Amino acid sequence: QVQLVESGGGLVQAGGSLRLSCAASGRTFSSDGMGWFRQAPGKEREFVAAISRSGGRIYYADSVKGRFTISRDNAKNTVYLQMNSLKPEDTAVYYCAGGDYFRSYRNLNEYDYWGQGTQVTVSS
């Protein structure tokens with residue numbers, strides 16, 4: 001049983017920064033690709049960023065490219081999402097997810113396990 005625990009969410013003013021963390025347990029973390037998704041009220045869950053098991057491949061949604069950075073530390077079983085220049089439209093619950101095989105890291109249906117989410121609220 002894999003468990004993912006997100007942390008680092010909170011309330012921040014527009015233009016500010018937050019760093020989300022996702023700690024994994026119960027599985028060989030370094031074997032899996034990892035992703036971040038978000039879901040705003042009344043909207044579908046959407047892809048934010050993803051990183052391959054080695055960190056050699058990284059993908060971003062166009063809406064966050066240049067502002068967000070995904071990274072991972074396999075020794076700590078943790079994946080991070082550094083979020084800079086935050087905008088009110090970044091407000092959402094952010095979810096961490098993982099899986100062992102991907103045709104597309106952007107497709108949420110290809111992830112095998114998910115965290116419980118952490119709220120990010122950006123005020124204008």
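This chain uses plain numbering: 1 for the first residue, then up along the sequence. Remember, predicted model here, so these are calculated numbers, not experimental data.
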Can you name the closest pair of heavy atoms from Ala40 and Ala92 and give their distance? N-CB, 3.8 Å

Using side-chain heavy atoms (C-beta onward) and a distance below 4.5 Å, is Met34 in contact with Leu4? yes

Hey, is Asp90 close enough to Lys87 for a salt bridge, meaning N to O under 4.0 Å? no

Distance col, row Lys65:NZ vs Tyr60:OH, nearest 0.5 angstrom, shows 10.0 Å

Measure the CZ-SG distance between Phe29 and Cys22 for me, rounded to the nearest 0.5 Å. 7.0 Å

A side-chain contact here means heavy atoms from C-beta on lying under 4.5 Å apart; do Glu89 and Val122 qualify? no

If Ile, Leu, Val, Met, Phe, Trp and Tyr residues are connected whenever their side-chain heavy atoms lie under 4.5 Å apart, and connections chain through other members, are Val79 and Phe47 in the same group? no

Cluster check Tyr59, Leu81: I/L/V/M/F/W/Y, side chain < 4.5 angstrom: no

Which heavy atom in Leu18 sits nearest to a heavy atom in Gly8, and how many Å separate them? CD2-O, 3.8 Å

side-chain contact (heavy atoms from CB on, under 4.5 Å) assessment of Gln119 paired with Thr91: CA-CA 8 Å; Gln119 176 71 47; Thr91 294; 4.0 Å; yes

Heavy-atom closest pair (Gly9 atom, Val120 atom, distance to 0.1 Å) is CA-CG2, 4.1 Å

Output, in order, the C-alpha distance, side-chain angles, deciding distance and verdict of side-chain contact (heavy atoms from CB on, under 4.5 Å) for Val64 and Arg38. CA-CA 12 Å; Val64 307; Arg38 66 187 182 186; 4.0 Å; yes

Please report the C-alpha distance between Leu86 and Phe68 in whole Å, then the side-chain angles of each, then the deciding distance to 0.1 Å, and finally whether the side-chain contact (heavy atoms from CB on, under 4.5 Å) criterion is met. CA-CA 9 Å; Leu86 283 161; Phe68 290 12; 3.8 Å; yes

Would you say Leu20 ends up clustered with Ile58 if hydrophobic residues are merged whenever their side chains have heavy atoms under 4.5 Å apart, either directly or through other cluster members? yes

Roughly how far, to the nearest 0.5 Å, is CG of Asn109 from CZ of Arg45? 10.5 Å

Quick check: does any side chain N or O of Thr78 sit under 3.5 Å from a backbone N or O of Ala23, one acting as donor and the other as acceptor? no

To the closest 0.5 Å, what do you measure between CD (Glu46) and CD (Gln39)? 9.5 Å

Is the shortest heavy-atom distance from the side chain of Arg53 to the side chain of Asp32 under 4.5 Å? no

Answer with yes or no whether the hydrophobic clustering places Tyr95 together with Val5; edges join I, L, V, M, F, W, Y residues whose side-chain heavy atoms lie under 4.5 Å apart. no

Using ring centroids (six-membered ring only for Trp), state whether Trp114 and Phe37 fall under 6.0 Å. yes

Please round to the nearest 0.5 Å and tell me the distance separating atom CD of Gln82 and atom CD1 of Ile70. 12.0 Å

Would you indicate whether the side-chain heavy atoms of Glu6 and Trp36 approach each other to under 4.5 Å? yes

Might you point out which heavy atoms bring Ser104 and Glu110 nearest each other, and give the distance in Å? N-OE1, 3.2 Å

Are any side-chain N or O atoms of Tyr111 and backbone N or O atoms of Tyr105, one a donor and one an acceptor, separated by less than 3.5 Å? yes

Ignoring hydrogens and angles, tell me if any N or O in the side chain of Arg72 forms a donor-acceptor pair with the backbone of Gly33 under 3.5 Å. no

State, to 0.1 Å, how close Phe102 and Gly99 come at their nearest heavy-atom pair, and which atoms those are. CE1-O, 3.2 Å

Can you tell me if Tyr80 uses its side chain to pair, donor with acceptor, with the backbone of Thr69 under 3.5 Å? no

If only atom types and distance count, is the side chain of Arg67 paired as donor or acceptor with the main-chain N or O of Ser85 below 3.5 Å? yes

